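Worksheet: the structure to be examined is printed underneath.
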Amino acid sequence: GRHEPGTPASKRLMTDENSNILIYMTGHGGNEFLKFQDAEEASSLDLADAFQQMYSKKRYHEMLFIIETCQANTLFKRFYSPNIL
């Protein structure tokens with residue numbers, strides 16, 4: 001799996017194909033990227049690929065993705081998985 005042995009259930013996303021999930025992110029943003037505490041960046045393609053992996057592994061039915069950052073609307077450009085609002 002993706003988790004180290006002994007990772008508590010509270011730190012895992014225990015969802016399936018019937019789950020509706022909410023993802024809320026905030027940080028500094030720019031054209032197609034989100035920056036966490038001025039240290040790490042996630043691009044719109046990084047997010048799109050992660051959401052596609054989640055969908056192909058049946059980790060959600062519908063996802064509500066909320067992002068609070070400058071140029072947040074550019075992060076949705078690369079999403080290609082179904083059922084992301």
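When reading the values below, keep in mind they use all heavy atoms of this one structure, side chains included, and skip hydrogens, waters and symmetry mates. Keep in mind it's a predicted model, so treat the numbers as computed, not measured.
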Note, N20 side chain near L64 side chain (heavy atom, < 4.5 Å): no

Backbone of F33 reached by a side-chain donor or acceptor of S43 within 3.5 Å: no

E32 and T74: side chain donor to acceptor below 3.5 Å: no

Euclidean distance, F79 CZ relative to D49 CG, rounded to 0.5 Å: 10.5 Å

Main-chain N/O of H61 paired to N83 side chain as donor or acceptor, under 3.5 Å: yes

Donor-acceptor contact present, side-chain T26 to main-chain E68, <3.5 Å: yes

Side chain proximity check, L34 to E41, heavy atoms < 4.5 angstrom: no

Heavy-atom pair of closest approach, residues I67 and T69: CG1-CG2, 3.7 Å

Linked, directly or transitively: L47 and Y80 (ILVMFWY side chains, under 4.5 Å): no

Contact check, side chains of Y60 and I84, non-hydrogen atoms, under 4.5 Å: yes

Taking every non-hydrogen atom, the tightest pair across S81 and A48: OG-O, 4.2 Å

N/O donor-acceptor pair under 3.5 Å between T15 side chain and R59 backbone: yes

Side chains of M63 and F51 in contact at under 4.5 Å (non-hydrogen atoms): yes

Test item: M54 and L13 side chains (from C-beta on) under 4.5 Å apart, heavy atoms: yes

Nearest heavy atoms of A42 and F36, plus distance in Å: CB-CE1, 3.9 Å

Side-chain heavy atoms of R78 within contact of D46, under 4.5 Å: no

Joint hydrophobic cluster, L22 plus M14, side-chain heavy atoms closer than 4.5 Å: no

Check: Q71 side chain, N31 main-chain N or O, donor-acceptor pair, under 3.5 Å: yes

Criterion side chain to side chain contact (heavy atoms under 4.5 Å, CB included) on L75 and M25, from CA distance to verdict: CA-CA 11 Å; L75 285 164; M25 300 176 85; over 6 Å; no

Whether over 12 other heavy atoms sit under 6.0 Å from E17 CD: yes

Centroid separation F76 to F65 less than 6.0 Å: yes

